[in-house]
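What's counted below: heavy atoms across the whole structure, side chains too, no hydrogens, waters or symmetry copies. Residues: numbered from 1 along the sequence shown.
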Amino acid sequence: MYIGKRNELSRRAFMRRSGQLAGAGVASSYALGLAGIGEAAAFSSAGGYKALVCVFLYGGNDHGNTLIPYDQANYNRYAAIRGGQGDEGGGIALARGSLAQTVLNPANNQTLTDDIQYALAPSMPRLKTRFDQGAMAPLLNVGPLVVPLTKAQFEGNSSQFPRPAKLFSHNDQQSTWQSSQPEGSTSGWGGKMGDLAQSSNTNSMFTLINATGNAVFMTGEDAVPYKIGINGATQFRGLERGRVYRSQSASAALDSILKSSNGNVLEADYSMVNARSIEYGGFIAEALENTNATTDFGENNRLASQLSVVARLIAARNGLGVTRQVFMVGMGGFDNHDGLIGNHEGLLSQVDFALDAFYQATVDLGIQDQVTTFTASDFGRTLASNGDGSDHGWGSHHFIVGGGVNGGRFYGTAPQVSVESDDQVGQGRLLPTVSVDEYSSTLARWFGVDNSELPSIAPNIGRFAQPDLGFMG
């Protein structure tokens with residue numbers, strides 16, 4: 001089955017990106033130094049199939065209890081700030097003894113800030129194993145930035161040293177992480193990679209696949225995500241002939257409602273996704289029936305269920321006619337203002353199981369080097385407690401998992417364990433030292449995006465020194 005518009009997509013990409021890169025060149029020293037575009041869309045699909053899988057943790061993950069200081073001096077600081085009493089923890093500090101089995105020992109005796117040694121949350125033993133195997137890398141203190149900022153600059157002239165709009169707001173920071181703009185943005189960096197990649201796919205329809213709720217991350221300027229459910233293709237049973245009130249007319253009316261749009265941009269996107277799901281559901285279902293994915297993803301773990309269907313779709317990549325894909329899955333529950341202890345460990349246990357099972361599925365399929373999974377979230381949280389939880393923050397720690405990852409070591413700069421140091425902006429809210437633009441451009445380069453196209457993926461990348469953070473092989 002062929003569902004592609006390769007020549008049209010390439011022509012449109014050339015016209016649009018010529019304008020984008022010209023605009024980036026005015027404001028960006030990095031963009032000025034890039035080679036000009038020599039083809040319609042500078043993208044390489046060499047090396048066979050590749051997929052990126054975004055795992056979004058909705059609500060703002062508490063990074064302070066995800067990667068925990070374990071060495072005695074830094075653990076003491078952590079426990080004191082979080083209301084603990086020595087090694088026994090307390091308040092919202094985990095007991096030091098509970099961390100002994102998940103201590104991360106980086107390769108080549110890597111030294112971090114203040115000689116800090118981290119342990120994963122005790123409910124994440126599987127990711128500890130993947131770190132030891134070199135298939136997982138933590139990225140430290142990453143968050144949205146417009147320009148590199150010091151604490152003094154953050155507290156000073158905001159016009160001279162701009163910061164992301166509407167910091168600490170859930171909806172706005174979810175959108176900013178996914179698109180570099182607050183709520184209302186219409187395209188994200190996953191979708192923009194899809195814009196570049198879809199002309200490489202025989203069936204461009206399946207370049208972007210969303211297994212969670214609608215998200216701007218997955219929308220490009222040309223590319224539109226295909227929506228799937230945890231059981232595969234999204235089925236609209238009411239569209240079967242006579243299904244609605246035993247009436248063929250009622251079923252036809254439902255079909256019209258699901259696909260109709262009055263011109264509103266959000267409604268138009270919604271109707272387009274519905275129409276695509278209805279039209280190609282049978283094709284997806286048939287492709288999934290012929291896959292040989294057999295990895296156990298367990299039960300009662302929605303994130304694992306989403307990643308299970310992603311694994312099956314990757315197994316069906318030849319039947320789907322794709323060589324490059326971007327997926328998105330998500331999990332909520334991380335807005336832990338209250339009840340952090342207990343609730344958070346349970347959430348991280350689900351994440352640990354799901355990411356590990358998915359990585360194992362790629363191993364079972366023999367494509368672990370070709371699939372990279374990475375986490376993101378609204379923001380990090382305060383190191384200081386607000387009672388029995390933590391408040392909205394900014395920078396956070398995230399994980400990259402895959403056979404192509406230079407794992408077993410840390411990337412970025414470890415923050416000091418403090419509520420007063422220059423790498424935080426109050427209550428232990430981390431001032432990011434790695435930008436989301438650097439995160440996304442590193443992943444984009446591995447995916448096949450040419451250096452000349454990076455400003456279209458990461459619009460602020462020209463202001464930062466590292467378009468490649470080194471965590472990908």
Side-chain angles (χ1 to χ4, degrees), residues 1-6 8-10 12-13 16-17 41 43 45 49-56 174-175 177-180 185-230 232-234 265-266 268-281 283-284 287-288 306-307 309-317 319-330 358 370-374 376 440 443-444 446-449 453 456-458:
M1 183 176 185
Y2 176 80
I3 319 169
K5 298 180 180 179
R6 182 171 304 182
E8 179 185 345
L9 290 171
S10 295
R12 289 163 65 185
R16 182 178 62 252
R17 285 184 174 75
F43 185 86
S45 58
Y49 179 83
K50 284 186 179 179
L52 285 170
V53 184
C54 176
V55 178
F56 206 91
Q174 287 171 14
S175 179
W177 251 95
Q178 296 175 23
S179 72
S180 300
S185 180
T186 57
S187 62
W189 50 273
K192 290 175 181 177
M193 280 194 265
D195 285 336
L196 291 168
Q198 62 179 343
S199 62
S200 301
N201 292 332
T202 300
N203 289 338
S204 61
M205 181 73 60
F206 308 120
T207 304
L208 302 173
I209 297 189
N210 193 347
T212 187
N214 290 339
V216 67
F217 174 79
M218 290 294 282
T219 302
E221 296 182 35
D222 290 322
V224 177
Y226 184 89
K227 181 73 171 69
I228 58 167
I230 60 175
T234 302
V265 63
L266 297 177
D269 283 348
Y270 180 73
S271 64
M272 184 181 296
V273 170
N274 283 342
R276 288 153 61 97
S277 296
I278 292 166
E279 186 173 358
Y280 299 111
F283 179 63
I284 286 282
L288 289 176
Q306 292 174 49
L307 286 169
V309 74
V310 170
R312 293 171 60 206
L313 286 165
I314 290 173
R317 61 196 180 280
L320 294 178
V322 288
T323 60
R324 288 292 187 277
Q325 288 184 287
V326 181
F327 296 89
M328 186 173 187
V329 299
F358 182 69
Q370 298 158 263
V371 180
T372 298
T373 307
F374 63 97
S440 63
L443 293 166
W446 173 82
F447 191 61
V449 175
E453 288 285 1
S456 73
I457 305 297

Next on the checklist: Side chains of F447 and T372, heavy atoms from C-beta outward: is any pair under 4.5 Å?
Outcome noted: no
Next on the checklist: Going by side chain to side chain contact (heavy atoms under 4.5 Å, CB included), name the residues that satisfy it together with S179, two or more places apart in sequence or in a different chain.
Outcome noted: S175, Q181, S185, V216
Checklist outcome for this item: Nearest heavy-atom approach of L208 to G220 is CD1-N, 4.5 Å
Next on the checklist: Checking T207 now: which residues fulfil side chain to side chain donor-acceptor pair (under 3.5 Å) with it, not counting sequence neighbours?
Outcome noted: N201
Item to check | A287: side chain to side chain contact (heavy atoms under 4.5 Å, CB included) partners, not counting sequence neighbours | outcome: A316, L320
Next on the checklist: How long is the straight-line distance from CE of M193 back to NZ of K50, given to the nearest 0.5 Å?
Outcome noted: 12.0 Å
Checklist outcome for this item: To the nearest 0.5 Å, atom CD1 of I209 lies from atom CE of M218 at 7.5 Å
Next on the checklist: Looking at every heavy atom in both G194 and A223, which two are closest together, and how far apart are they?
Outcome noted: C-CB, 3.9 Å
Checklist entry - Hey, does F358 have a side-chain heavy atom less than 4.5 Å from the side chain of V329? => result no
Checklist entry - What is the minimum heavy-atom distance between A215 and M328, and which atoms define it? => result CB-SD, 3.6 Å
Item to check | Pairwise distance OG1(T219) to CG(D195) - rounded to 0.5 angstrom | outcome: 10.0 Å
Checklist outcome for this item: Rounded to the nearest 0.5 angstrom, the CD1-CG distance for I228 and L313 is 4.5 Å
Next on the checklist: Which label fits F283 and F206: parallel for a plane angle under 30°, tilted from 30 to 60°, or perpendicular past 60°?
Outcome noted: parallel
Checklist entry - Can you find a pair of side-chain heavy atoms, one from V53 and one from L307, that are under 4.5 Å apart? => result yes
Checklist entry - Are any non-hydrogen side-chain atoms of E453 and F43 less than 4.5 angstrom apart? => result no
Item to check | Residue list, side chain to side chain contact (heavy atoms under 4.5 Å, CB included) with A315, at least two apart or on another chain | outcome: T291, N292, A293, L365
Checklist outcome for this item: Here the gap from R317 atom CZ to R324 atom CZ, rounded to the nearest 0.5 Å, amounts to 12.0 Å
Checklist outcome for this item: Heavy-atom closest pair (V310 atom, A211 atom, distance to 0.1 Å) is CG2-CB, 4.5 Å
Next on the checklist: Can you give me the closest heavy-atom contact between E221 and S187, atom names plus distance?
Outcome noted: CG-OG, 4.2 Å
Next on the checklist: Given 3.5 Å as the limit, does a donor-acceptor pair link the side chain of R312 with the main chain of G232, or not?
Outcome noted: no
Item to check | Donor-acceptor pair, side chain of N210 and main chain of K227, under 3.5 angstrom | outcome: no
Checklist outcome for this item: Sequence neighbours excluded, the answer for ring pair (Phe, Tyr, Trp, His ring centres under 6.0 Å) partners of F327 is none
Checklist entry - Which residues satisfy the ring pair (Phe, Tyr, Trp, His ring centres under 6.0 Å) test with F217, sequence neighbours excluded? => result W189
Checklist entry - With Q325, which residues qualify under side chain to side chain donor-acceptor pair (under 3.5 Å), at least two apart? => result Y49
Item to check | Residues in side chain to side chain donor-acceptor pair (under 3.5 Å) contact with Q178, at least two apart in sequence or another chain | outcome: none
